[in-house]
2 protein chains.
Amino acid sequence: METRELRYFVAVAEELHFGRAAERLGMAQPPLSRAIRQLERRLGVELLERTSRTVAMTAAGETLLDEARAVLDAVEAAERRTRRAAHTTTGQPGVVLATKAGASTEFLAKLLAAYAAEPDAVPVEVILSGIGEQTRVLRDGRADVALLHLPFDDTAGFDTEELRTERQVVLLPAGHPLGARSHVLTADVTDLPGLPLPRWPEADGTYRDGPGPQADNHAQLLQLIGLGRACAIVPESGGTSGRGDVVAVPVLDAPSVTTVIAWPPHSRSRGVAGLVRTATSL
Amino acid sequence: METRELRYFVAVAEELHFGRAAERLGMAQPPLSRAIRQLERRLGVELLERTSRTVAMTAAGETLLDEARAVLDAVEAAERRTRRAAHTTTGQPGVVLATKAGASTEFLAKLLAAYAAEPDAVPVEVILSGIGEQTRVLRDGRADVALLHLPFDDTAGFDTEELRTERQVVLLPAGHPLGARSHVLTADVTDLPGLPLPRWPEADGTYRDGPGPQADNHAQLLQLIGLGRACAIVPESGGTSGRGDVVAVPVLDAPSVTTVIAWPPHSRSRGVAGLVRTATSL
DNA sequence: AGGGCCGATACCTCTCGGGTATCGATCGCA
DNA sequence: TGCGATCGATACCCGAGAGGTATCGGCCCT
């Protein structure tokens with residue numbers, strides 16, 4: 001199987017429409033039909049059930065769709081990492097670390113400082129990716145290592161080490177009646193009048209419909225809360241950043257958040273290994 | 001990047017010789033040279049340093065070699081799983097489980113029995129792969145799920161659940177002086193005169209040079225021990241199988257062995273999920 | 001100095017990937 | 001019920017490019 005065939009199949013499987021898939025691929029429909037048919041012949045498997053009006057997936061097609069996506073991610077990662085390895089030789093950054101924009105900044109600062117002090121440290125570039133983007137960025141090779149937060153991020157397919165676990169707090173505008181409480185429950189802070197939970201972008205970058213302002217980074221979030229337009233439940237360390245207009249109150253029944261450091265399983269980079277060693281011994 | 005190019009590159013990188021690589025690929029040398037050169041051009045990266053006498057890897061080449069192997073494994077897995085998914089629909093086995101031949105057989109039996117009793121159980125095919133072969137078999141799609149043993153097997157790239165941890169014992173021929181002891185240390189059983197530790201096949205299927213008989217499965221091992229030709233340190237449960245000619249003595253300072261159940265991270269198979277659920281609640 | 005090894009180059013062939021035109025089946029609609 | 005629209009498949013054509021053979025040119029060994 002060639003990656004070209006897999007790209008074609010993914011397009012058709014996602015569109016369930018040869019015409020649209022062909023358009024998306026920048027080609028005509030007939031060669032696409034032929035390519036898929038040839039793929040099916042070579043595999044000896046029916047991937048799509050076609051009538052002259054409609055296209056549907058078979059069980060085998062669903063399987064191949066999953067696997068093909070994994071392959072294409074791996075190919076993309078291979079290209080990126082190879083290019084980066086080439087430029088690294090000529091003095092560019094040694095390792096790229098992805099982290100949630102605005103989360104655990106002081107922990108990150110400690111980690112970077114401690115690692116830089118190591119004798120064999122290589123330069124570290126930090127990518128502040130959007131919410132839920134880190135796993136993508138790590139999977140497709142834009143980053144070599146990432147800080148993820150359980151149970152929100154999906155660590156499937158990566159090697160990980162747990163770094164620390166922390167409670168969650170609710171961030172409220174200063175002066176809000178609940179701000180004086182020593183603790184609250186989740187139920188206390190959902191549906192607060194005038195303080196909806198903000199909406200995060202979904203995996204595909206769109207926002208779910210519903211009430212609540214949109215935010216895709218921590219600074220925006222704090223801003224919104226300070227303005228009294230939202231509240232949010234976040235890990236303790238993603239705190240108020242010293243702002244006077246936001247207060248944090250522990251939420252007893254919210255699941256605690258574990259920060260992990262994650263990297264692609266076959267990584268053999270010296271920089272990644274060092275960073276992980278430093279992080280776990282922090 | 002097409003998988004064909006990656007296959008070519010891996011061949012050349014492994015042989016470090018265009019002529020031999022071409023032969024291995026069943027093609028002539030010139031088109032291979034051109035293909036590699038084109039890959040380098042498209043990536044904008046030098047992968048191999050060529051003189052007219054010798055071929056050497058660059059750092060970027062090393063990176064691509066790792067990544068390309070991962071991609072090719074993923075492609076192979078995609079083909080196999082797709083084919084199997086197609087035949088599954090027509091009544092073939094639902095999930096393939098790989099395990100070390102001869103290890104934890106009674107645990108495996110319990111697992112299979114418990115799973116078969118589940119209401120939504122699908123048929124399970126068991127592959128008894130050679131030592132160290134399970135991760136390979138799991139990675140390239142011949143199996144959907146495997147029982148691995150830490151710290152021997154490498155779980156990198158898989159999702160895992162720990163099942164149980166056990167001590168290790170040394171297996172000795174019946175009647176050996178140490179057989180009467182209540183426990184021993186590792187140092188007591190290395191370099192026993194006439195009882196060398198057997199050699200296992202390496203990842204590439206070859207045996208390391210050195211003393212000791214060769215064995216690649218548990219039955220052979222027990223046979224050798226019963227004959228007084230070897231001793232071996234194995235997990236408690238891989239015991240004597242009721243043979244009178246072999247005795248087991250705990251080794252206090254040997255690392256304890258953890259059995260884990262492992263599966264490819266993007267697996268969405270109902271059968272795998274059920275097996276894992278059954279195994280963890282056993 | 002010369003022979004042999006090995007990767008690169010030149011040049012040819014022919015497969016196959018991709019395009020256009022068109023067919024045939026099916027669904028919506030009057 | 002019949003007509004047009006939609007959509008995948010088929011027929012046919014063309015050109016890029018994958019792969020072959022012959023040969024070159026640099027390098028090591030003797």
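Just the heavy atoms: all of them, side chains too, but no hydrogens, waters or symmetry mates, feed the values below. First the proteins, then the strands, lettered A, B, ... as listed; each starts at 1.
Computed from coordinates, the B:Glu49 CD to C:dG7 C1' distance equals 15 Å when rounded to whole Å. The NE2-C1' distance, from B:His17 to C:dA8, rounds to 14 Å in whole Å. One interatomic measurement links the two molecules: OH of A:Tyr8 to P of D:dG8, which rounds to 17 Å at whole-angstrom precision. Atom CZ of B:Arg37 is separated from atom P of D:dG19 by 17 Å (rounded to the nearest Å). Between the CD atom of A:Gln29 and the C1' atom of D:dA11 there is a distance of 13 Å, rounded to whole Å. A straight line from CG of B:Leu47 to P of C:dG7 spans 16 Å, rounded to a whole angstrom. B:Leu25 has its CG atom 15 Å from the P atom of D:dA18, to the nearest Å. Protein atom CD1 of A:Ile36 is 10 Å distant from nucleotide atom P of D:dA9, rounded to whole Å.
Between B:Pro30 and B:Arg20, it is B:Arg20 whose nearest contact on DNA chain C lies nearer the 5' terminus.
Picking from D:dG8, C:dG18, D:dG20 the nucleotide with the shortest atom distance to the side chain of B:Arg34 gives D:dG20. You'll find that the side chain of B:Ala28 is closest to D:dT21, out of C:dG19, D:dT21, C:dG7. Nearest to the side chain of A:Phe18, among D:dA9, C:dG7, D:dG20, sits D:dA9. Taking the side chain of A:Ser33 as heavy atoms from C-beta on, and the options D:dG8, C:dG7, D:dT21, the nearest nucleotide is D:dG8. Relative to the side chain of B:Val55, the nucleotides C:dG18, D:dG20, C:dG7 differ in distance, and C:dG7 lies closest.
No donor-acceptor contact under 3.5 Å links the side chain of A:Arg4 to the base of C:dG17.
The side-chain heavy atoms of A:Gln134 and A:Ile127, taken from C-beta on, include no pair separated by under 4.5 Å.
Closest non-hydrogen pair, B:Leu148 versus B:Thr155, comes out as CD1-CG2, 4.0 Å.
Between A:Leu39 and the options A:Leu48, A:Leu64, A:Val12, a side chain to side chain contact (heavy atoms under 4.5 Å, CB included) holds for only A:Leu64.
Put simply, the side chain of B:Glu76 never gets that close to the backbone of B:Gly141: no donor and acceptor are under 3.5 Å apart. Looking at B:Arg139, its side chain never comes within 3.5 Å of a backbone N or O of B:Gly157 through a donor-acceptor pair.
Residue A:Gln38 has no polar side-chain atom (N or O) positioned under 4.0 Å from OP1 or OP2 of C:dC16.
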